[in-house]
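Notes follow the structure.
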2 protein chains.
Amino acid sequence: MNQEIIQTYQIESSIFKSMAHPIRLFIIHQLENKKYGVQELADMAEIDISTMSRHLDTLKRHRIIAGEKIKNNVFYTLNIPCVLEFMTCANKVINQQNKLGGII
Amino acid sequence: MNQEIIQTYQIESSIFKSMAHPIRLFIIHQLENKKYGVQELADMAEIDISTMSRHLDTLKRHRIIAGEKIKNNVFYTLNIPCVLEFMTCANKVINQQNKLGGII
DNA sequence: TGTCTATTTGGCCAAATTGACAAACACTAT
DNA sequence: ATAGTGTTTGTCAATTTGGCCAAATAGACA
């Protein structure tokens, strides 16, 4: 395995990876419009708050979102608006998939 | 776990996932400029050809790339040019990370 | 200080991903 | 038909990821 290539694309791939999960995409889409706290997001997604906390941490570590503590709550906001351009492209890919009959 | 959310973002997340690997990003960047065969790409990345074949298959199944067989060789091309916009955004994220001191 | 609320972290298990080797396969060309 | 070339697939071990519960932590406020 060529270590130079790995290194070159490691960070880029870790950013993709950080977004490559249904719950984390859900989070990104929610924060498009408004700030949310951890418990609120956990309730909406119907997952354990500890699991939600970990997903938020993943996105935060990659600077996709940012958290701001107000009193006892941490409110998260979308940090990288251009992430939404990703989605536009992703949807083009999805539409093309549908036209061609889906994957697998 | 809210199945509706999962369903909504499953496909989108599988597209991110398909690109979230250093070797597969390497492939995408190479195909930006020119067609390549499986063996060529395997040589460049210094990985087993079977491993490269599987990475190419992953990208192909998600319509990121397309393969065309000519004689005994399969040449791959980038199928979704807007993928490159992804990269532009990803790099903004990376640069912001660097400014702030990198991640973990 | 002590308590209450909200969030994060540790531990553990199940499931998914990655990589290599070898075997199978598809096709070309003798 | 047979050999040769290039690609894909079967299998398996090692690693990573995702989920929940329980315990730990951080901060607000009486």
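Chain A is the first sequence line, chain B the second, and so forth, proteins listed ahead of strands; every chain is numbered from 1.
Between B:H21 and B:F26 the shortest side-chain heavy-atom distance does not fall below 4.5 Å. Here the side chains of A:L31 and A:T77 are not in contact, with every heavy-atom distance at 4.5 Å or above. In this structure, the side chains of A:E46 and B:I5 stay at 4.5 Å or more apart for every pair of heavy atoms.
Minimum interatomic distance between A:I47 and A:H55 (heavy atoms only, all atoms of both residues): CD1-CD2, 4.2 Å. Residue A:M52 comes nearest to A:A45 through the heavy atom pair CE-CB, 4.0 Å, listed as atom of the first residue, atom of the second, then distance.
At the heavy-atom level, B:Y76 lies under 4.0 Å from the strands shown only through sugar-phosphate atoms.
Between B:K71 and C:dA29, a side-chain N or O to OP1/OP2 separation shorter than 4.0 Å is present.
Shown here is B:K71, whose NZ atom has no more than 12 heavy atoms of other residues, nucleotides or ligands within 6.0 Å.
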Going through the checks in order, is the side-chain contact (heavy atoms from CB on, under 4.5 Å) test met by B:D57 and B:K60? CA-CA 5 Å; B:D57 183 59; B:K60 193 174 60 184; 4.0 Å; yes
Find every protein N or O atom lying less than 3.5 Å from an N or O atom of nucleotides 18-20 of chain C, and list the pairs.
from, atom 1, to, atom 2, distance (Å)
C:dT18, OP1, B:R24, NH2, 3.4
C:dG19, OP1, B:H21, NE2, 3.3
C:dG19, OP2, B:H21, NE2, 3.4
C:dG19, OP2, B:H55, NE2, 2.5
C:dA20, OP2, B:T51, OG1, 2.9
C:dA20, N6, B:R54, NH1, 3.1

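The aromatic ring centres of A:H29 and B:Y9 sit less than 6.0 Å apart.
To the nearest angstrom, P of C:dT28 lies 12 Å from CD1 of B:I70. Between the CG atom of A:N73 and the P atom of C:dT5 there is a distance of 12 Å, rounded to whole Å.
Counting 5' to 3', DNA chain D first comes under 4.0 angstrom of a heavy atom of chain B and last does so at the ends given by D:dG4 to D:dG19.
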